[in-house]
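This is the structure, below, for whatever I ask next.
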Amino acid sequence: MFKRTSAAVPAVSLAVLTALAAAGCGDTGDDESSGGGGSKTLTVFAAASLTETFTALGKTFESAHPGVKVRFNFGGSDSLAQGITQGAPADVFASASPATMKTVTDAGDADGTPQVFTRNRLVIAVPPKNSGKVAKLADLSRSGLKVVLCAPKVPCGAAAKKALAAANVKVEPASEESDVKAVLTKVSLDEADAGLVYRTDAKAAAGKVKAIEFPESAKAVNDYPIVEVKKAPQDALAKQFIQLVLGAQGRAVLTGAGFEAP
């Protein structure tokens with residue numbers, strides 16, 4: 001049965017969540033229809049900014065666990081947390097902020113205490129030609145400059161708000177996106193003059209955007225916690241995947257992508 005959400009969070013129907021899990025994650029139990037003879041699927045809900053690193057770690061995990069398939073649902077941490085509290089089937093949740101993880105822990109849907117496994121900070125992303133001539137955070141307040149940000153409820157949006165406040169810079173965004181990848185896409189397609197994205201996303205999109213570091217990013221570094229979801233269909237595999245993320249292999253993949261050690 002689905003739990004009641006708070007008044008501040010829009011309700012998500014069982015049908016929508018079921019479709020989401022099926023499309024983004026696949027089966028969470030034995031997959032006999034695939035001819036795998038009882039192969040298992042581990043379902044991981046993870047922040048959009050973890051797409052490249054967790055995809056790589058998923059392949060590593062599959063290699064070490066024959067017959068196991070890792071399926072990911074990447075998206076805004078707030079939406080993923082809401083889905084979990086409303087019953088979407090998942091084994092592991094990796095969030096881009098403690099605040100969005102708290103949604104899951106407060107609902108009693110975490111099995112154990114979340115552990116911070118990495119950190120991330122923002123950069124200014126601009127198209128390669130940088131026609132807006134952006135050089136520093138204060139430039140984002142210039143009239144006529146088209147800036148896109150993550151929505152404030154999303155971890156990258158909350159971090160952007162904090163960094164802008166620390167620099168006393170006011171920005172009227174042209175749009176507020178559902179996750180950091182959406183911001184990155186608009187900038188890479190030259191649909192925006194600039195956007196605030198994670199350093200790791202800008203690095204992954206090398207050649208499509210130019211990253212500009214700014215000192216105020218130190219005021220808005222995001223911790224990333226991970227936890228097993230309560231009553232995870234694949235309890236043992238969930239614990240093993242979390243250990244991979246927390247271990248030396250996980251650390252190497254994450255730092256190699258530009259994440260920071262916790």
Donor-acceptor pair, distance only, cut-off 3.5 Å: does the side chain of K203 make one with the backbone of G256?
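Yes, because the side chain of K203 sits within donor-acceptor range (under 3.5 Å) of the backbone of G256.
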Output the distance between atom CZ (R142) and atom NZ (K133), rounded to the nearest 0.5 Å.
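It is 9.0 Å, given to the nearest 0.5 Å.
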Specify whether F117 and Y224 have parallel, tilted or perpendicular ring planes, treating 30° as the upper limit for parallel and 60° as the lower limit for perpendicular.
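The rings of F117 and Y224 stand perpendicular, inter-plane angle above 60°.
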Treating Ile, Leu, Val, Met, Phe, Trp and Tyr as nodes and any side-chain heavy-atom pair under 4.5 angstrom as an edge, say whether V209 and F259 lie in one connected cluster.
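Yes, one cluster joins them.
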Spatial distance of atom CD (Q82) from atom OG (S77) [nearest 0.5 Å]:
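The CD atom of Q82 sits 12.5 Å away from the OG atom of S77.
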Exactly one of F74, F93, F241, F61 should register a side-chain contact (heavy atoms from CB on, under 4.5 Å) with V44. Which one does?
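Result: among F74, F93, F241, F61, F241 is the only option passing the side-chain contact (heavy atoms from CB on, under 4.5 Å) with V44.
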Has the side chain of N130 got a donor or acceptor atom that lies under 3.5 Å from a matching backbone atom of V134?
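Flag set: sc N130 to bb V134 pair under 3.5 Å.
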Identify the heavy atoms of T118 and E260 that sit nearest to each other, and give their distance.
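Looking at all heavy atoms of both residues, the closest pair is OG1-O, 2.9 Å.
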Identify the heavy atoms of P225 and M101 that sit nearest to each other, and give their distance.
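Nearest heavy atoms, P225 then M101: O-CE, 3.5 Å.
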Out of curiosity, S131 OG to D190 CG, how far, rounded to the nearest 0.5 Å?
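Those atoms lie 5.5 Å apart.
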Counting only heavy atoms not in K162 (residues, nucleotides, ligands), do more than 12 fall under 6.0 Å from its NZ?
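No, NZ of K162 has 12 or fewer neighbouring heavy atoms, counting only those of other groups under 6.0 Å.
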Would the number of heavy atoms belonging to other residues, nucleotides or ligands and lying under 6.0 Å from CD of E176 be above 12?
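Enclosed.
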In terms of side-chain geometry, is the basic nitrogen of E213 or R199 positioned less than 4.0 Å from the acidic oxygen of its partner?
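Counted as a salt bridge, because a side-chain N and a carboxylate O are separated by less than 4.0 Å.
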Could you tell me whether the side chains of E177 and S175 share a donor-acceptor contact shorter than 3.5 Å?
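The criterion, which ignores hydrogens and geometry beyond distance, is satisfied for S175 and E177.
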Gap separating the CD1 atom of I84 from the OG atom of S79, nearest 0.5 angstrom
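I84 CD1 to S79 OG: 11.0 Å, rounded to 0.5 Å.
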Minimum heavy-atom separation for A94 to L50, with atom names?
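Taking every non-hydrogen atom into account, CB-CD1, 3.8 Å.
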So do V148 and P173 actually touch side chain to side chain, heavy atoms under 4.5 Å?
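Result no, sub-4.5 Å side-chain heavy-atom pair not found.
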So, taking the atom named CG in N222 and the one named CG in L122, what distance separates them when rounded to the nearest 0.5 Å?
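The distance works out to 7.0 Å.
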Counting distance only, does the side-chain N/O of T60 pair as donor-acceptor with the main-chain N or O of A56 below 3.5 Å?
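Yes: the side chain of T60 pairs with the backbone of A56.
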Shortest non-hydrogen contact from V180 to D201?
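V180 and D201 have their closest heavy atoms at CG1-OD2, 3.4 Å.
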Regarding S97 and T100, do their side chains bring together a donor and an acceptor under 3.5 Å, going by distance alone?
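Side chains of S97 and T100: pair found under 3.5 Å.
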Heavy atoms, side chains only, cut-off 4.5 Å: are V147 and L149 in contact?
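Sidechains of L149 and V147: in contact.
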Looking only at atom types and distance, does a side-chain atom of D193 sit under 3.5 Å from a main-chain N or O of K146, one as donor and one as acceptor?
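Yes.
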Heavy-atom closest pair, residues I124 and A194
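Taking I124 first and A194 second, the nearest heavy atoms are CG2-CB, 4.1 Å.
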What residue among V227, D111, L237, I242 forms side-chain contact (heavy atoms from CB on, under 4.5 Å) with V92?
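Passing option: I242.
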Which atoms form the tightest heavy-atom contact between A47 and L80, and what is the distance?
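Taking every non-hydrogen atom into account, N-CD1, 4.0 Å.
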Using side-chain heavy atoms (C-beta onward) and a distance below 4.5 Å, is C156 in contact with L196?
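C156 vs L196: side chains apart.
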Salt bridge (charged side-chain N to carboxylate O under 4.0 Å, His left out) between K136 and E216, intermediate numbers included
CA-CA 10 Å; K136 57 185 182 298; E216 296 86 356; over 6 Å; no
Run the salt bridge (charged side-chain N to carboxylate O under 4.0 Å, His left out) test on D223 and R119 for me, step by step, so that the C-alpha distance in whole Å, both residues' side-chain angles and the decisive distance to 0.1 Å come before the verdict.
CA-CA 5 Å; D223 288 340; R119 309 177 85 202; 2.8 Å; yes
Side-chain heavy-atom pair D91, P233 within 4.5 angstrom cut-off:
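SC-SC contact between D91 and P233 confirmed.
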